[in-house]
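Here's the structure, in structure tokens; my notes come after.
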Amino acid sequence: MQERYLFNEIEPKWQKRWLEQKVDKTEENPNKQKFYALAMFPYPSGNLHMGHVRNYSIVDVIARFKRMQGFNVLHPIGWDAFGLPAENAAIKNQTPPAEWTWENIANMKRQLQEMGISYDWDREIATCHPDYYKWTQWIFLELFKHGLAYKKKAAVNWCPSCATVLANEQVVEGHCERCDAAVTKKDLEQWFFKITAYSEQLLNDLEKLDGWPEKVKTMQRNWIGRSEGTLATFKVEGTDDPIPVFTTRVDTIYGVSYVVLAPEHPLVAKLVQGTEYEQDVFSFVKKMQGLNELARTSAEVEKEGMFIGHYCINPLSGAKVPIWIANYVLLDYGTGAVMGVPGHDERDFAFASKYNLPIIRVILDPAIPLEDKDLPMTEAYVDDGIMVNSAEFDGLDNRDAWEKMATKLEQLKLGERQVNYRLRDWLISRQRYWGAPIPIIYCEKCGIVPVPEEQLPVKLPGDIVFKTGENPLVSSESFVNTTCPQCGGSAKRETDTMDTFMCSSWYFLRYCDPHNSSEAFARDKVDYWMNVDQYVGGVEHAILHLLYSRFFTKVFRDFGYLQVDEPFQNLLTQGMVCMDGSKMSKSKGNVVSPEEIIQKYGADTARLFIVFAAPPDRDLEWSDQGVEGCYRFLNRVWRLVAQYQSTFSQNIPAEEFQDLDAEAKKMRWHTHSTIQKVTNDIATRFNFNTAISSIMELVNALYLYKEKDNVKQAVAREGIEAVLKLLAPFAPHITEELWSEIGHKESIHKQAWPEVDESALIQEEVTIILQVNGKLRDRIQVPVDVSAEELEKLVLSSEKVKNYLEGKTVVKVVKVPKKLVNIVVK
RNA sequence: GCCGAAGUGGCGGAAUUGGCAGACGCGUCGGUCUCAAAAACCGAUGUCCUAACAGACGUGCCGGUUCGACCCCGGCCUUCGGCACCA
């Protein structure tokens with residue numbers, strides 16, 4: 001056996017062997033319990049970064065651990081391969097996006113293999129491959145068939161820099177999630193998925209997700225944004241046009257002093273047409289439309305509005321209130337109209353103060369005497385109280401009035417109770433080339449015609465030219481011109497492609513059946529593998545990817561293609577990899593390349609450090625010295641085995657653990673309590689850092705044991721083998737090498753996870769902590785089965801304890817078995 | 001503003017059910033080996049006080065519950081993340 005740990009020899013050797021022998025291939029054995037371990041698949045940017053290394057190391061530890069525990073593990077990988085960077089590279093280098101992408105995939109695949117991650121490469125998928133996007137298109141058609149995909153003209157988010165539209169979820173504080181450019185609005189006809197049809201389910205089923213971080217569930221709840229309220233219909237005076245208004249505070253309806261419409265509200269143009277207000281209103285609306293998303297929706301923006309010359313009637317009080325338009329009312333939330341109640345809403349208070357609109361108190365703060373109810377208000381009162389200035393409802397508790405008012409509106413047929421969501425339908429069209437084409441044909445005679453299933457995939461053409469700011473598909477005549485599948489006449493193809501989030505919203509299903517050429521996935525395969533037992537990835541996908549995937553899963557369930565309600569049983573959101581306190585990123589220049597680390601220390605060291613440095617869900621601070629420490633530890637393991645190995649006799653002695661001396665017993669206790677702790681740390685808490693700590697402690701103990709007289713080979717060997725097996729999921733190469741060095745023929749990764757020998761954990765003596773008034777004063781060794789009286793005698797005979805009892809009276813003695821005795825004195 | 005998470009040595013982090021605060025690793029210091037160094041091995045390492053033994057203090061701050069609190073409760077402070085004119 002080599003004296004030195006030569007990682008650069010052993011790592012490639014085993015990687016080659018594992019690939020050739022397909023040791024990580026998933027066996028579909030229905031007699032074994034399945035376990036689906038999944039990391040969020042990467043975008044093939046060309047190189048792995050530390051965030052990937054962390055993500056894939058974590059999942060690999062789980063997958064390898066579960067395999068050793070006897071589970072049938074599915075641990076696949078693939079590529080989220082459509083997207084803008086490929087097109088930008090095409091413009092910059094004049095390389096076709098496909099070529100650029102496949103080269104990147106090849107490089108990253110090599111890097112993943114050098115990490116020693118145990119993927120079943122036979123299940124590798126790439127979303128840009130026609131065999132995959134054929135089924136992405138098929139899914140579009142399924143949604144279309146069921147009325148869940150539809151086209152509509154709407155004011156949509158437009159990123160001028162990416163030259164494409166964006167879903168609401170992709171707009172972050174008014175900026176493009178990808179390139180950070182300010183997003184504007186554009187009126188375009190686009191394809192949407194009716195995710196809002198699932199709002200209620202997407203919200204309610206969050207409760208089933210016990211294995212998800214509370215943080216992510218809260219983010220999804222906020223995004224879905226359910227609010228209960230009342231729809232109240234104000235009617236325009238003179239024309240009787242209804243203005244439905246959604247309010248969550250119908251109890252304040254007698255306090256309405258104006259109604260505000262969104263500037264783009266269709267009623268606005270109708271009402272002002274031909275009036276003296278027309279010009280001013282028109283220029284105000286124009287100004288609003290010119291503003292970008294941020295300038296329009298930020299809370300800091302000054303509220304601006306104007307009267308449009310009409311009044312409407314309050315459905316309960318009958319009062320006549322002016323109709324305004326204002327920047328803060330959004331057309332696509334609720335009904336695009338709100339009632340202004342300055343007395344009981346802070347925003348309305350500010351608006352009314354600015355424009356001198358009346359402020360009416362309708363709920364009285366219980367701290368204010370009734371006779372002061374008509375004093376001017378200096379701020380909005382938003383809490384509960386007693387109704388005033390509200391006709392028949394005066395004197396009621398506002399919560400009671402609330403119900404009565406809603407009921408009365410319903411009786412008058414001027415309103416109803418309603419639930420509103422913030423969630424909007426998912427805009428999936430993209431004006432880009434490198435995505436899955438939307439399988440739709442426009443025929444002058446037949447209109448919108450779906451591409452027949454047997455004609456899928458609609459392939460991306462190759463005869464195209466890339467220019468900045470233009471979708472090359474539009475200019476590809478071979479692509480655009482086609483024949484109508486219905487009438488056979490000439491027709492045009494849809495040139496928009498699908499949002500790449502669509503490709504990534506079902507990839508976990510394709511892994512279950514990756515080579516199926518007649519279906520997206522077979523029912524029996526997904527029923528066996530789904531759902532994902534453990535999903536791991538960055539929290540940046542908390543809304544987008546995770547919400548869309550949940551939506552698709554529910555849709556497929558309803559279409560009869562699978563049985564689960566939710567795709568991901570347990571979710572672990574890993575922390576960021578940081579250096580000098582901030583996230584590693586190219587733009588900050590604080591990156592460490594994984595390849596560099598692997599070259600210098602090997603993949604096992606890189607993997608070990610990244611799971612040892614912090615618990616997986618927390619941010620991790622990169623430390624070159626910490627890496628060095630892990631490398632030292634692996635060297636230490638190597639030498640330990642090498643040194644013991646020379647003492648092991650050729651014939652492995654029978655495991656004989658009777659009649660052991662105290663040192664041997666202690667050693668066995670170490671071995672088995674470590675097995676217990678590591679198993680528990682990995683299985684129930686994902687605390688890999690503490691698992692590795694205790695393996696380190698076991699290694700330290702074995703070093704010390706080696707120096708004892710009369711070392712029992714069986715005990716030492718048991719300890720060594722435990723170290724190797726426990727470490728195998730973290731550092732697969734070195735453990736495999738050492739495992740074969742100590743004489744095993746079969747891979748360590750095929751071994752069963754070590755079992756705890758309970759008899760080795762039995763201790764004859766325990767340390768008892770002695771406290772006086774809760775302060776530690778002494779510790780004593782006592783037999784485990786010591787009687788209460790004996791223990792008390794031992795405690796009181798402690799010199800240190802005696803000192804503290806002098807001149808005091810013992811009030812109470814608290815005993816915690818096998819742990820501690822606390823004497824309370826006065 | 002609202003919601004959530006976190007705050008422990010010089011650093012990363014432990015303490016699993018309210019019971020030894022600081023495991024393990026890094027760093028630092030000392031020792032062994034060596035002509036010397038590196039590596040390796042052994043040991044020390046929260047702060048204050050002390051020659052030492054001992055002792056006092058110590059988990060962001062203030063208070064509470066408890067025999068006993070990093071852990072539970074109330075009130076604050078700071079940092080990070082998310083949401084934010086949502087009617």
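All heavy atoms count here, side chains included; hydrogens, waters and symmetry mates do not. Sequence lines set the chain letters: A, B, ... in the order given, protein chains first and strands last, and positions in each chain run from 1.
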* B/C53 and B/C42: how far apart are their C1' atoms, nearest whole angstrom? -> 26 Å
* Give a yes or no on whether A/Glu346 atom CD has more than 12 heavy-atom contacts from other residues, nucleotides or ligands under 6.0 Å away. => no
* To do: Whole angstrom is fine here: how far is it from CG in A/Leu330 over to P in B/A84?
  => 11 Å
* B/C41 OP1/OP2 closer than 4.0 Å to side-chain N/O of A/Arg639 -> yes
* To do: Kindly label the base of B/G9 as syn or anti, based on whether its glycosidic torsion lies within 90° of 0.
  => syn
* To do: Using the P atoms only, state how far B/C11 lies from B/G46, rounded to an integer number of Å.
  => 14 Å
* Asked: Are the side chain of A/Asn822 and the backbone N or O of A/Gly774 linked by a donor-acceptor pair below 3.5 Å?
  -> yes
* Pairwise C1' distance, B/G10 and B/G22 [rounded to whole Å] -> 14 Å
* **Duplex segments of RNA chain B, taken as runs of at least three Watson-Crick or G-U pairs that stay under 3.5 Å** => B:1-7 with B:77-83, B:10-12 with B:24-26, B:27-32 with B:40-45, B:46-48 with B:55-57, B:60-64 with B:72-76
* Asked: Reckon A/Arg347 has a side-chain N or O less than 4.0 Å from the OP1 or OP2 of B/A84?
  -> no
* To do: Quote, to the nearest angstrom, the C1' distance that separates B/U78 from B/G60.
  => 7 Å
* To do: Identify whether any heavy atom of A/Tyr804 sits under 4.0 Å from a base atom; if not, whether one sits that close to sugar-phosphate; answer base, sugar-phosphate or nothing.
  => sugar-phosphate
* Any donor-acceptor N or O pair under 3.5 Å, side chains A/Asp681, A/Asn687 -> no
* Structure fact -> Winner on side-chain proximity to A/Arg685, out of B/A15, B/G13, B/C85, is B/A15
* **Given B/C67, B/C3, B/C24, the nucleotide with the shortest approach to the side chain of A/Thr218** => B/C3
* Asked: Below 3.5 Å, does any donor atom in the side chain of A/Asn822 face an acceptor in the base of B/C67, or the other way round?
  -> yes
* Closest to side chain of A/Lys775, choosing from B/C86, B/G19, B/C57 -> B/C57
* Asked: For A/Asn680, which contact category applies under a 4.0 Å heavy-atom criterion: base, sugar-phosphate, or nothing?
  -> base
* Asked: Does a side-chain N or O from A/Arg618 land closer than 4.0 Å to OP1 or OP2 of B/A14, or not?
  -> yes
* Quantified in whole Å, what is the C1' atom distance between nucleotide B/U8 and nucleotide B/C57? -> 15 Å
